[in-house]
Amino acid sequence: MILSFSLYSSLATAGFEVVALGVDGGVSDGNLTSYLIRDDSQPVYLALDAGSVLPGIAKALEKGAFPEITDETAAPLTRQGYIFRQRINSYFLSHAHLDHVSGLIIGSPQDSKKTIYASADTIDVLRNYYFNWRVWPNFTDSGSGTRLGTYRMQMVRPNQPLSLGLTRLTGEMYPLSHDKSPSSMLLISSNNQSFAYFGDTGPDEMEKSKNLDTVWRNLAEKVKQQQLKGMIIEVSFPNDVADNQLYGHMTPKWLLKELKNLEKYSGEGQPLKGLPVVISHIKPSFQQGQDVRKTIAAELQQGNDMGVDFILMEQGDSQRF
């Protein structure tokens, strides 16, 4: 389901392609948070988290993504294998929870050499708790035991621009508060256009934090210059989930409240009108008759007096921004 209006994105030519490899917030082990992004003019992608990678590539191929990659182009690999090994150039991991890294770990024996960009805390968890020869062989270039070296671990310092592999994208990481776990947002830029990817985060009020406020102040400058092409941000639960059960996540009411701050910092009128906001990390419900995605979409629209373009991508969807 994609709820889409194109007013905001028509202000400038398309700058980014995003492919959803996984959109759910846990439980659905074949559909966990992971997106690909690339500059529209470049062939290779940066992976934004890696909860489910190979199942997402398969679903995207079913839906007609990557049309330029034929069996002949991919040979001797399958199309899925070619995209996995050759078109994904590097990874950004927002934090180290399993629903954001498990696809990377499971796929590592068949992956090609790549760089993992992440915070010091995330790299520490990968090195000590996953790639440690007890949970999984060490496919990285650091840590314990034999280092197989498939992945180069690149620590990212907050608020410092960096180049992201061979993607021709640049990024700047900002810390987020996710209950007791640090998380992060990556502001991706290319050709004076930007796109914001948020890892898991709770609202500042609940987290007793100023992290999102700092992010909104920075993104507001991009909005004023009509450079922000869109964002991916989480809404894990519908509004009927109590605040004390959120554990570092957001509901529609909390996201709308946070986006009000971005609007406030971005100028007069309706500065966010038509801004594409992709909603990610929705946690599936096992209750009969409950369509949690439909509920969250409706709750976002009911409170949307900013004119934001809320988008719910499904696994395998691709979209230009």
Side-chain angles (χ1 to χ4, degrees), residues 7-9 11-12 15-16 18 33 35 37 48-49 92 94-95 119 156-161 170-179 181-190 192-237 239 243 246 248-281 296 299-301 303-311 321:
L7 176 62
Y8 190 96
S9 58
L11 295 173
F16 302 99
V18 172
T33 304
Y35 296 84
I37 189 168
L48 301 169
D49 283 329
F92 169 76
S94 65
H95 62 301
S119 67
V156 181
R157 299 182 185 277
N159 313 120
Q160 293 188 11
T170 58
E172 192 167 345
M173 188 182 73
Y174 294 84
L176 298 175
S177 182
H178 175 37
D179 196 23
S181 300
S183 183
S184 55
M185 183 277 276
L186 187 68
L187 180 60
I188 302 148
S189 298
S190 179
N192 293 317
Q193 304 293 339
S194 297
F195 192 94
Y197 175 73
F198 290 75
D200 293 358
T201 182
D204 277 352
E205 186 176 329
M206 290 297 300
E207 296 289 309
K208 305 295 187 286
S209 168
K210 294 283 189 183
N211 284 333
L212 280 173
D213 189 72
T214 298
V215 167
W216 301 139
R217 290 176 186 273
N218 281 277
L219 291 186
E221 296 306 311
K222 302 294 184 183
V223 173
K224 290 175 184 177
Q225 298 169 42
Q226 297 186 357
Q227 293 179 349
L228 185 64
K229 302 289 287 184
M231 71 175 74
I232 297 172
I233 193 166
E234 73 130 275
V235 173
S236 294
F237 302 105
N239 284 335
D243 288 346
L246 295 182
H249 294 294
M250 286 206 280
T251 59
K253 69 179 180 182
W254 280 118
L255 177 59
L256 289 163
K257 188 172 183 177
E258 288 291 347
L259 288 175
K260 273 292 185 182
N261 289 328
L262 175 59
E263 182 186 55
K264 177 178 67 176
Y265 299 141
S266 296
E268 301 295 326
Q270 282 191 307
L272 304 188
K273 186 175 178 62
L275 174 67
V277 175
V278 177
I279 301 304
S280 185
H281 207 266
I296 285 174
E299 290 175 346
L300 285 167
Q301 293 295 359
N304 183 16
D305 60 3
M306 296 169 283
V308 170
D309 176 9
F310 288 117
I311 300 167
F321 294 89

- Task: Using the test salt bridge (Lys or Arg N to Asp or Glu O under 4.0 Å), find all partners of E299 that sit at least two apart in sequence or belong to another chain.
- Result: none
- Can you find a heavy atom in the side chain of N218 that is under 4.5 Å from one in the side chain of T214? yes
- side chain to side chain donor-acceptor pair (under 3.5 Å) assessment of W254 paired with D243: CA-CA 10 Å; W254 280 118; D243 288 346; 3.0 Å; yes
- Query: Is there side-chain contact between M231 and L275, with at least one heavy-atom pair below 4.5 Å?
  - Reply: yes
- Message: Which residue in the set S209, S183, P182 passes side-chain contact (heavy atoms from CB on, under 4.5 Å) when paired with S177?
- Response: S209
- Query: Do D309 and V277 touch side chain to side chain, with heavy atoms closer than 4.5 Å?
  - Reply: no
- Query: To the nearest 0.5 Å, what is the distance between CG (L219) and OH (Y174)?
  - Reply: 7.5 Å
- Query: Is there side-chain contact between I233 and V278, with at least one heavy-atom pair below 4.5 Å?
  - Reply: no
- Task: Taking atom types as modelled, find out whether T170 and S189 have a side-chain donor-acceptor pair closer than 3.5 angstrom.
- Result: no
- Can you sort out the partners of D179 under salt bridge (Lys or Arg N to Asp or Glu O under 4.0 Å), two or more places apart, ordered by chain and number? none
- Task: For residues I296 and F310, determine if any side-chain heavy atom of one lies less than 4.5 Å from a side-chain heavy atom of the other.
- Result: no
- Exercise: identify the closest heavy-atom pair between K229 and G15: CE-N, 3.7 Å
- Query: Looking at residues at least two apart in the chain, or sitting in another chain, which of them share a ring-ring contact (aromatic ring centres under 6.0 Å, His included) with Y35?
  - Reply: none
- Measure across F92 and S184 and return the closest heavy-atom pair with its distance rounded to 0.1 Å. CZ-OG, 3.5 Å
- Message: Does L187 form a side-chain contact (heavy atoms from CB on, under 4.5 Å) with Y197? I'd like the steps, not just the answer.
- Response: CA-CA 6 Å; L187 180 60; Y197 175 73; over 6 Å; no
- Message: Can you confirm whether D213 sits close enough to E258 that some side-chain heavy atom of one is under 4.5 Å from a side-chain heavy atom of the other?
- Response: no
- Query: Minimum heavy-atom separation for Q270 to G307, with atom names?
  - Reply: NE2-N, 4.0 Å
- Pairwise distance CG(L246) to OG(S236) - rounded to 0.5 angstrom: 8.5 Å
- Message: One thing to verify: whether D305 and K273 come together as a salt bridge, which I'm taking to mean a side-chain N less than 4.0 angstrom from a carboxylate O.
- Response: no
- Note on the structure: Taking every heavy atom of P271 against every heavy atom of V223, the minimum-distance pair comes out as O-CG1, 3.6 Å
- Query: Roughly how far, to the nearest 0.5 Å, is CE of M250 from CD of E234?
  - Reply: 5.5 Å
- Message: Could you go through K260 and M306, starting from their C-alpha distance and side-chain angles, then the distance that decides it, and tell me whether this counts as side-chain contact (heavy atoms from CB on, under 4.5 Å)?
- Response: CA-CA 8 Å; K260 273 292 185 182; M306 296 169 283; 4.1 Å; yes
- Note on the structure: dist S94:OG -> L176:CG (nearest 0.5 Å) comes out at 8.0 Å
- Message: Please list all pairs meeting salt bridge (charged side-chain N to carboxylate O under 4.0 Å, His left out) that have one or both residues in residues 194-210, counting only residues at least two apart or in different chains.
- Response: E205-K257
- If you take all heavy atoms of I311 and P276, which pair is closest and at what distance? CD1-CB, 3.8 Å
- Message: Between I232 and S280, does the side-chain contact (heavy atoms from CB on, under 4.5 Å) criterion hold? Intermediate values first, please.
- Response: CA-CA 7 Å; I232 297 172; S280 185; 3.7 Å; yes
- Message: Restricting to ring-ring contact (aromatic ring centres under 6.0 Å, His included), what partner residues turn up for F198, sequence neighbours left out?
- Response: W216
- Item | Under the side chain to side chain contact (heavy atoms under 4.5 Å, CB included) test, residues paired with K224 that sit two or more places apart | E221
- Item | Non-hydrogen atoms of G248 and H178 that approach each other most closely | O-ND1, 2.8 Å
- Less than 4.5 Å apart, any side-chain heavy atom of L48 and any of I188? yes
- Message: Nearest 0.5 Å, please: how far is OG in S119 from CG in L186?
- Response: 11.5 Å
- Query: How long is the gap from OG1 on T33 to NE2 on H281, to the nearest 0.5 Å?
  - Reply: 4.5 Å
- Item | Flag side-chain contact, heavy atom, 4.5 Å: I279 against L300 | yes
